[in-house]
Amino acid sequence: MTPVTTLAGESLVQSVDWLTIAPPTLTAVVALAVLVADLFVPQERKQLLGWTAIGGLLASLALLLPLRSGDRATFCLTAKAQAEGHAPACSYTADHFTLVIQLLVLAGALVTAFLSLDETRERLPAGEYWFLLLSSAAGAALLPASRDLATLVVALEVASLPAFALVGLRHGDRMSGEAALKFFLSSVTATAVTLLGVSFVYAATGTLHLAEIAQRLDDVPGQLQTLAEAGVALTLVGFAFKTAAVPFHFWVPDTYVGAPLPVAAYLSVVGKAVGFTGLILVTVVGFPSYADVWGPALAALAALTMTVGNVAALRQVSTRAWSAVRLLAWSSVAQAGYLLVPIAAAAYSSDDQIGATVAYALMYAVVNLGAFAIVALVARTHPEARISDFRGLYATSPAAALALGFFLLNLAGLPPGIIGLFAKVTVFSSAVDAGLGWLAVIMGVNVVIALYYYLRWTALLFRAPEGAPEGAPEGAPVPHRAPAPVTLAIVLTAVVGVVLSGYPQFALRFATGSLF
């Protein structure tokens, strides 16, 4: 690529490092290939599109290996940096933070793809679905590498816009259409707020690069101080919506219920990772000088979010239609509160606290995808996915019941889910180390509240099936038969969860040092 030059002949942008940008780029290229191939592949062979998408995600994951040193960047302002005598400001950086989040995003999209193969065979248009899923995954993989506000907003929208269509992709389903419309309208509003905040920050600092914004916010002229503060606040509000933080959470339950189950699983993990990644970048990298503003705000949001999420999950009626999905939706809101704690703590101590959010996000992604996979399995015979439908699951599918019990105990932070326990302890420690004792107390109370509904669901798995007296022999129950891709998704998440529980340092080591 020929560098862009100024009128004076100075080179402003370096040549593109294609290996650095390879993971999101390959995902986007495969998305386009699937869209074009859909025009020529006959209906009876549409499953080839799904396996092509899975192959593309596997290849994108493999391309993270050459970048594991975490020291590459591209699209940098080299000439300007040389003139000013400091490191160049880059728009794309493949540091360790980027690679960990890209691993989470692409692996989450891969598990979602396995869950989706059966759906695209029976209920969803295959070509559109795989194009939208890969496009969203490409945007989500681009976002953690973004180091300027323009790229950050573009990546956020590339990840979000296909998700609207994925939610409403079940043609003729009124609930799906309503969920997509609610998700779209509320998300567009949040995007407008974010763009307004970004424009204010740019007007006050004269730059879009996060590293340069961090330097210039300290020296904003007095007449622009209010503009800069408003820009910071509005930008945070936009990203708070993406994380489903209270009071910006209202779209979550209806969206998860109306979406196809694989899409709900994708939004609960990859969608949440997108929001938290953006929030981390704008606060810790871009707005560190305003830590006295966003620190208390995020701490209050964390306390409110975990409390509202857990109380709402506690109130779910097990016989209500879609109660299993609603409980997981409200649980995901509560988990967002836990994820906010280390980010708030970073305002009071050091950037190292961000590692606790990353470690917790890794744990949450694995076990939540696994829980949705089991719900998708049970929904094959019980389409309304009530919590009561899981009663006696151990009698019909012992392996599925044990896996779901393991996932729920991880979410609750109880053994044998060691990784869930360690992740919660790490988040709790970050609050204590930052002097946020009141937030640690609120988190402790919420963990106890969550124990009740997680354990209630877990206990239901091992009770006698509906209609059989307690203690009576079950006879010969009909097992839940899972398609091979769904089984593979369950096995993958369960194995990773067990490995992380046996070796939690693999994930938690990111909580002990700076990722940037």
Ignoring hydrogens and geometry, is there a side-chain-to-backbone donor-acceptor pair from [X] to [Y] under 3.5 Å?
X      : Y      : value
Lys46  : Arg121 : no
Thr493 : Ile490 : yes
Asp17  : Thr74  : no
Gln102 : Ala141 : yes
Thr151 : Arg147 : no
Ser331 : Leu327 : no
Arg68  : Leu65  : yes
Arg72  : Thr20  : no

Atom pair [atom1] ([X]) and [atom2] ([Y]), whose distance is rounded to the nearest 0.5 Å:
X      : Y      : atom1 : atom2 : value
Leu156 : Thr194 : CG    : OG1   : 6.5 Å
Trp130 : Leu124 : CH2   : CG    : 9.5 Å
Leu460 : Leu393 : CG    : CG    : 9.5 Å
Leu58  : Leu110 : CG    : CG    : 5.0 Å
Asp38  : Gln43  : CG    : CD    : 8.5 Å
Leu106 : Leu57  : CG    : CG    : 6.5 Å

Could you tell me whether the side chains of [X] and [Y] share a donor-acceptor contact shorter than 3.5 Å?
X      : Y      : value
Ser60  : Thr27  : yes
Tyr453 : Asn310 : yes
Thr305 : Tyr338 : no

Least distance between heavy atoms, [X] atom then [Y] atom:
X      : Y      : value
Ala163 : Leu267 : CB-CD2, 3.9 Å
Leu134 : Ala31  : CB-CB, 3.5 Å
Ala273 : Val105 : CB-CG2, 4.4 Å
Arg170 : Ala259 : NH2-O, 3.8 Å
Pro253 : Ala329 : CA-CB, 4.0 Å
Glu384 : Asp389 : C-OD2, 4.4 Å

With heavy-atom distances below 4.5 Å as the criterion, would you say the side chains of [X] and [Y] are in contact?
X      : Y      : answer
His382 : Phe390 : no
His96  : Val358 : no
Leu49  : Thr120 : no
Leu67  : Pro23  : yes
Ser136 : Val270 : no
Tyr129 : Leu166 : yes
Arg386 : Ser318 : no
Leu421 : Val425 : yes

Side chain to side chain contact (heavy atoms under 4.5 Å, CB included) between Leu104 and Val100: does it pass, once the steps are laid out? CA-CA 6 Å; Leu104 188 159; Val100 173; 5.8 Å; no
Which donor-acceptor pairs under 3.5 Å do the side chains of residues 239-247 make with protein atoms, sequence neighbours left out?
{"residue": "Lys242", "atom": "NZ", "partner": "Ser160", "partner atom": "OG", "Å": "3.4"}
{"residue": "Lys242", "atom": "NZ", "partner": "Ser187", "partner atom": "OG", "Å": "2.6"}
{"residue": "Thr243", "atom": "OG1", "partner": "Ala240", "partner atom": "O", "Å": "2.8"}

Within residues 253-283 or reaching into it, pairs that qualify as ring pair (Phe, Tyr, Trp, His ring centres under 6.0 Å) - sequence neighbours excluded: none
Check salt bridge (Lys or Arg N to Asp or Glu O under 4.0 Å) between Glu119 and all other residues, then give those that pass, not counting sequence neighbours. Arg123
Within 6.0 Å of OH in Tyr92, more than 12 heavy atoms from elsewhere: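 Counting other residues, nucleotides and ligands, OH of Tyr92 exceeds 12 neighbours.
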Verdict with supporting geometry, Asp118 and Arg380, salt bridge (charged side-chain N to carboxylate O under 4.0 Å, His left out): CA-CA 10 Å; Asp118 195 50; Arg380 291 176 58 82; 2.4 Å; yes
Could you tell me which residues satisfy side-chain contact (heavy atoms from CB on, under 4.5 Å) with Tyr452, sequence neighbours excluded, listed by chain and number? Leu314, Arg456
Candidate list Val333, Val341, Leu340, test side chain to side chain contact (heavy atoms under 4.5 Å, CB included), partner Met306, passing option: Val341
Scan the side chains in residues 362-379 for donor-acceptor partners under 3.5 Å anywhere in the protein, sequence neighbours excluded, and list what turns up.
{"residue": "Tyr364", "atom": "OH", "partner": "Ser268", "partner atom": "O", "Å": "3.2"}
{"residue": "Tyr364", "atom": "OH", "partner": "Asn368", "partner atom": "ND2", "Å": "3.3"}
{"residue": "Asn368", "atom": "ND2", "partner": "Ser268", "partner atom": "OG", "Å": "2.9"}

For the pair Phe75 and Ile21, evaluate side chain to side chain contact (heavy atoms under 4.5 Å, CB included) and give the outcome as yes or no after the intermediate values. CA-CA 10 Å; Phe75 300 112; Ile21 65 172; 4.1 Å; yes
ring-ring contact (aromatic ring centres under 6.0 Å, His included) with Phe184: which residues, sequence neighbours excluded?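 With neighbours one apart ignored, the set is Phe164.
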Stepwise side chain to side chain contact (heavy atoms under 4.5 Å, CB included) test for Leu492 and Phe114: CA-CA 10 Å; Leu492 280 175; Phe114 284 125; 3.9 Å; yes
Could you go through Glu178 and Lys182, starting from their C-alpha distance and side-chain angles, then the distance that decides it, and tell me whether this counts as salt bridge (charged side-chain N to carboxylate O under 4.0 Å, His left out)? CA-CA 6 Å; Glu178 288 179 359; Lys182 178 178 287 189; over 6 Å; no
With side chain to side chain contact (heavy atoms under 4.5 Å, CB included) as the criterion, how do Tyr360 and Thr357 come out once you've worked through the C-alpha distance, each side chain's angles and the decisive distance to 0.1 Å? CA-CA 5 Å; Tyr360 197 97; Thr357 289; 5.8 Å; no
